[in-house]
Amino acid sequence: MGRRDCSGCAEMAGGITCGSLLQKLQLVWDEVGESDEDRDKVLYQLDQECLDVYKRKVDQATNSRDLLIQALDDSKIELARLLSALGEKAVARTPEKTSGTIKQQLAAIAPTLEQLNKKKNERKREFVSVQSQIDQICGEIAGTTEVGEQVATPQVNEDDLTLERLEDFRSQLQELEKEKSNRLEKVLEYVSMVHDLCTVLGMDFLSTVTEVHPSLDDSIADNCKSISDDTLSKLDKTVATLHEDKKLRLSKLQELAGQLYDLWDLMDAPTQERSMFGHVTCNRSASVDEVTAPGALALDLIEQAETEVQRLDQLKYSKMKEIAFKKQTELEDIYAGAHTVIDTAAAHMKLLALIEAGNIEPTELIADMEDQIAKAKEEALSRKDILDKVEKWMSACEEESWLEDYNRDDNRYNSSRGAHLNLKRAEKARILVSKIPALVETLVAKTRAWEESRGLSFMYDGVPLLAMLDEYVMLREEREEDKKRMKEQKRYVEQKLNTDHEGPFGSRVSPNRPATAKKIPGPKSNGTSMNGTPPSRRLSISGQQNGRSGGKDSKRDSMTKAVSSPGNGAAAAAAKEDASSHISGTDLAPTTP
């Protein structure tokens, strides 16, 4: 037993081996005198302890190998997972061989795993960045996140980090950024509209816009303004409300401007007084979009216009009588110009009674008078054509009267001052008088057409125009007959004179003695003609016009003189011509053109 040794023991460091130690143990035993049995027990224990050590080492080696195999398997699984997560089918440096030791295989796969992990981390950061921006914009649109506020780090699905998914997120981010840009542009447009409307309405823009959202203040950068749905909705409502206020204020201001114009026109306000409210009346006919001046629709301006309207309205009552009678005078002037007779005294009394009774609003009274004036103007317009021809007829009659006087003047051919002008006027007068029958005929036709279309008689200064024309035609025919009788009488006188010359003792008619002639009925001293018709019912001006058409009296008198009393002038002219023919034996030109 003493010769046994641990052959499996390796040489120890420093030259000490298991054999040398055993020899030293034998020497000790020999000195002590240990028995072989005890020595065998010790040696057996040493063998068992060596086996235990070897066994532990083997177990440790086995465990280490198993761990390496597990690590290799885990590495392969991780490699496959990374390739799947990153969406890559293979990596260039991925080991294709599965031979070699476990550590060699681990060493071969480690660089690839490190590269893929690094790529995974970079891809994950990209996902986090894109998703954070998406969450930020979505929060700003929803109104759950304020502009510039940091959002929580989003959870990234590490099993799907492919480029395709990253591009999807980037496309989504691009769409959201575009929507954000559009929303910001719309917000700025709304803010600009609010600013313009507040400027026109005279309102505080800052308080109005910050009431919608504090970030809409001009001092805050555009990219920091709220773009949420709630902000856009409030801005839209604010703009709609301000625009409606603008419409209502403009309507109110235009109504006040119209009232101001009516009151100014009613009271003949001077231009200086009107110009004081030019900033109110300048938008009288403007549309809502055309009103852009600052403060053009401010409340104080509307209140100022309302105050002025109230002041003028009160002033209107005190000037009502003056205004009403001014309108009445205008109405009477229109009727006078149209030669229509109205009872002015009764109209003045009725108007005065209405004003003093106070049973009618001044505006209603003026409006009624304006309607009367409009109707009077319309009536005057319908009579204008006939009245123009009446004026021509009267002017022709006036020239006819002047021509009669001219023909009775024995000195008309003398070379006195202005004689050549009278000769020219006489030639023109003869031409004008020759047109009187046609003019009268046209007047009769137009007057009858006017009366038939309206069922009324055409009155001229209170006298039926057709009656005037009929009497004129009748008197003209009578005058023509008188002229014929005068000519016959003239021939008779000439024959009588010739007979007297032939008889030796016959009597002679004195050349200075006018021949007698029958007179045409004319106006008597009591104002009536021979046929019993008052001149005022035929050709004179109605006394109810209060002298408004007195300017036509001279023409009317001339027409009356030319038409109703031609006999006297014709008889005198005939007598003078008889005397002249007795002396010179020549006849003068006829007295009528």
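Remember, it's a predicted structure, so these values are computed and weren't measured experimentally. In this chain, numbering begins with 1 at the start of the sequence shown.
- Between the side chains of D368 and Q372, a donor-acceptor pair is found at a separation under 3.5 Å.
- Nearest approach of G337 to L387, heavy atoms of both residues: O-CD1, 4.1 Å.
- Proximity of V212 to V194: side-chain heavy atoms (C-beta onward) are nowhere separated by under 4.5 Å.
- Looking at every heavy atom in both residues, I109 comes nearest to S75 through CG2-CB, 3.8 Å.
- One finds a salt bridge joining D388 and K384 here, because a Lys/Arg side-chain nitrogen approaches an Asp/Glu carboxylate oxygen to under 4.0 Å.
- The closest donor-acceptor contact from the side chain of T281 to the backbone of R284 lies at 3.5 Å or more, if one exists at all.
- Side-chain atoms of T199 and T292, non-hydrogen and from C-beta on, never get closer than 4.5 Å to each other.
- Residues L176 and Q133 have side chains not in contact (no heavy-atom distance under 4.5 Å, counting atoms from C-beta outward).
- Judged purely by atom type and a 3.5 angstrom limit, S233 has no side-chain atom pairing as donor or acceptor with the backbone of D229.
- For the pair D217 and V209, the minimum side-chain heavy-atom distance is 4.5 Å or more.
- A salt bridge links R311 to E308: at least one charged side-chain nitrogen sits closer than 4.0 Å to a carboxylate oxygen.
- Annotation: K120, atom NZ; neighbour count of heavy atoms from other residues, nucleotides and ligands within 6.0 Å is above 12.
- Two residues are said to be in side-chain contact when any heavy atoms from C-beta on lie closer than 4.5 Å; M459 and V341 fail this criterion.
- E177 contributes atom CD, which lies 9.0 Å from atom CD1 of I134 (distance to the nearest 0.5 angstrom).
- A 4.5 Å side-chain heavy-atom check between M369 and E330 finds every atom pair outside the cut-off.
- Enclosure of atom CD in E122 by more than 12 non-hydrogen atoms of other residues, nucleotides or ligands within 6.0 angstrom is indicated.
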Begin from the C-alpha positions of I220 and H213 and carry the test side-chain contact (heavy atoms from CB on, under 4.5 Å) through to its verdict. CA-CA 12 Å; I220 299 176; H213 197 276; over 6 Å; no

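- With no hydrogens or angles considered, a side-chain donor-acceptor pair links E140 and Q136 at under 3.5 Å.
- Using modelled atom types, no side-chain atom of S64 and backbone atom of Q60 make a donor-acceptor pair closer than 3.5 Å.
- Under the 3.5 Å distance criterion, the side-chain polar atoms of S251 are left unmatched by any main-chain donor or acceptor of K247.
- One N or O on the side chain of T208 and one on the backbone of D204 form a donor-acceptor pair closer than 3.5 Å.
- When the shell of 6.0 Å around CD of E306 is examined, it contains more than 12 heavy atoms from other residues, nucleotides or ligands.
- Summarising the geometry of I102 relative to L68, their closest heavy-atom pair is CG2-CB, 3.5 Å, with the distance given to 0.1 Å.
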Please step through salt bridge (Lys or Arg N to Asp or Glu O under 4.0 Å) for the pair D59 and K55, ending with a clear verdict. CA-CA 6 Å; D59 290 339; K55 188 177 181 180; 5.7 Å; no

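- Side-chain N/O atoms of Q328 and E332 include a donor and acceptor closer than 3.5 Å.
- Look at R183 and E179 and you find a salt bridge, because one of the NZ, NE, NH1 or NH2 atoms lies within 4.0 Å of a carboxylate O, short of that distance.
- Interatomic distance, Q105 CD to I69 CD1, rounded to the nearest 0.5 Å: 9.5 Å.
- In terms of heavy-atom proximity, R249 sits nearest to L201 at NH1-O, 2.8 Å.
- The structure places CD1 of I141 at 9.0 Å from NZ of K180, a figure rounded to the nearest 0.5 Å.
- Between R170 and E167 there is a salt bridge, with a side-chain nitrogen of the basic residue lying less than 4.0 Å from a carboxylate oxygen of the acidic one.
- A distance of 10.0 Å separates OH of Y460 from CG of L443, quoted to the nearest 0.5 Å.
- In this model, no donor atom of one side chain and acceptor atom of the other lie less than 3.5 Å apart for Q48 and D52.
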Could you walk me through whether V130 and Q172 pass the side-chain contact (heavy atoms from CB on, under 4.5 Å) test, one step at a time? CA-CA 9 Å; V130 173; Q172 183 180 355; over 6 Å; no

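- With hydrogens and angles ignored, the 3.5 Å screen pairs a side-chain donor or acceptor of K246 with a backbone N or O of V288.
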Worked check of side-chain contact (heavy atoms from CB on, under 4.5 Å) between H339 and E391: CA-CA 11 Å; H339 295 275; E391 290 299 318; 3.7 Å; yes

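- Not one N or O on the side chain of E290 forms a donor-acceptor pair closer than 3.5 Å with the backbone of N283.
- Distance alone, capped at 3.5 Å, is enough to place a donor-acceptor pair between the T62 side chain and the V58 backbone.
- Between K234 and D230, at least one side-chain N (NZ, or NE/NH1/NH2) sits under 4.0 Å from a carboxylate O, which counts as a salt bridge.
- A heavy-atom distance below 4.5 Å is found between the side chains of T340 and R383.
- For D265 and R274, the salt-bridge test passes: some basic side-chain N is under 4.0 Å from an acidic carboxylate O.
- Here the closest heavy-atom approach between residue Y190 and residue D236 is recorded as OH-OD1, 2.8 Å.
- Salt bridge K178/E175: absent, no basic N to carboxylate O contact under 4.0 Å.
- Counting only distance, with no hydrogens or angles, the side chain of T241 and the backbone of K237 share a donor-acceptor pair below 3.5 Å.
- Under the 4.5 Å side-chain criterion, counting only non-hydrogen atoms from C-beta, R123 is in contact with L163.
- Summarising the geometry of A296 relative to L301, their closest heavy-atom pair is O-CD2, 3.8 Å, with the distance given to 0.1 Å.
- No donor-acceptor pair under 3.5 Å is formed between the side chain of S226 and the backbone N or O of S215.
- Atoms CG and CD, on N117 and E78 in that order, are 5.5 Å from each other to the nearest 0.5 Å.
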Decide yes or no on side-chain contact (heavy atoms from CB on, under 4.5 Å) for V187 and L232, but give the supporting numbers first. CA-CA 7 Å; V187 166; L232 284 172; 3.4 Å; yes

